[in-house]
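Every number for a ligand or one of its atoms is a count from 1 in the order of the listing.
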Amino acid sequence: MKVNAYAAPAAGEPLAPTTIERRAVGPNDVLIEIEFAGICHSDIHTVNGDWGPQPFPVVPGHEIVGRVTEVGADVSRHSVGDRVGVGCMVNSCGECTNCRNGDEQYCAQGMVGTYAATDRDGTTTQGGYSTHVVVDADYVLTVPDGIDPAAAAPLLCAGITTYAPLRKWEAGPGKKVAVVGLGGLGHMAVKIAHALGAEVTVLSQSLKKQEDGLRLGADHYFATSDPGAFETLAGRFDLIVNTVSAKIDLDAYLGLLAVDGTLVNVGAPAEPLDVNVFSLIGGRRSFAGSMIGGIALTQEMLDFCAEHHIGAEVEVIPAEKVNEAYERVLASDVRYRFVIDASTLS
Ligand SMILES: [Zn+2]
Ligand SMILES: [Zn+2]
């Protein structure tokens, strides 16, 4: 079927309306009428060519929420009318150790990204800035009632990206968690860590968003531009989640960890980070990374967010404003996620 979409025709060029072909609904497929698609910083990196050559035209979007309008003969997980979500991956081998462990995002064959990736049938995937998408039912999440669908969309990337390390490193009561950066990822990390019962500190460049940070659930807020903050907070945290995709002084942040503490990067800076090994061995500290989460954990995150009434803070825009929204994301002028109203595409 031919459907309306917004695509980047070439690297660095503005997105423009177009039509794309969606595959016929196979036996294990779900056809989704998209309601909302979040704008993730990865979309911008991809279409700008920051992450290498791409199979243009590219329809970005991997924070998708919509309604099931058709299901294949073998689908039992989802029914017509269900509200569902699709995140950063739409396929994986399903057979390797990582897939079997529920870590499909680390599939040994490589997970299939929701857009600009080669699917297992050889076609190129196209993302959620579109009216419809056809996805294998095993990679489609249930969006529970109780989360506003627009606010749910960013949970499919920003939500799971922060939920996964918070769960893995056991953020909860009695744990001191710091979140570095209060953007799309950071604001989700604050909400989720707070709901998990941890004591949450935001480490942001300035105090500009302090009021927001405290409203979102942070207990403390420090400006990293103030060197005194690093003295005050030395050895304090059990877990630091770094959401910043730029070079940071890793040793300074590692110094904020308690013995056995972990600093986990979910931001992906293009350049290597330097680390003085003494920052690690001087406190049995760990430096780790984490990328989105498996399908089962993503469902757990959505259920958790519904139970705790957590959604992203969003600004809903019509599709024609997508290029303007990209500019504003790059200027950090968004609190905290743009979400495209996909009904403006039809
Ligand atoms: Zn993303
Ligand atoms: Zn696999």
- Do any N or O atoms from the side chain of Arg67 and from the backbone of Asp82 form a donor-acceptor pair under 3.5 angstrom? no

- Please say which of Val58, Val47, Val133 ends up in a side chain to side chain contact (heavy atoms under 4.5 Å, CB included) with Tyr115. Val58

- Here the Zn ion (ligand 1) sees protein N, O or S atoms within less than 2.8 Å, and their number is 3

- Of Phe222, Tyr253, Phe237, the residue whose pairing with Phe230 passes ring-ring contact (aromatic ring centres under 6.0 Å, His included): Tyr253

- Residue pair Met111, Ile292: steps toward the side chain to side chain contact (heavy atoms under 4.5 Å, CB included) verdict: CA-CA 12 Å; Met111 70 160 196; Ile292 53 172; 4.1 Å; yes

- salt bridge (Lys or Arg N to Asp or Glu O under 4.0 Å) involving Glu21 - partner list, sequence neighbours excluded: Lys2

- Message: If you apply the rule side chain to side chain contact (heavy atoms under 4.5 Å, CB included), what do you find for Glu63 with Val86, and how did you get there?
- Response: CA-CA 6 Å; Glu63 297 183 338; Val86 177; over 6 Å; no

- Message: At a cut-off of 2.8 Å, what protein N/O/S atoms sit near the Zn ion (ligand 2)?
- Response: Cys93 SG, Cys96 SG, Cys99 SG, Cys107 SG

- Set of salt bridge (Lys or Arg N to Asp or Glu O under 4.0 Å) partners for Glu300, sequence neighbours left out: Arg167

- Determine whether the side chains of Asp119 and Asn91 contain a donor N or O and an acceptor N or O closer than 3.5 Å. yes

- Message: Between Ile39 and Tyr129, is there a side-chain heavy-atom distance shorter than 4.5 Å?
- Response: yes

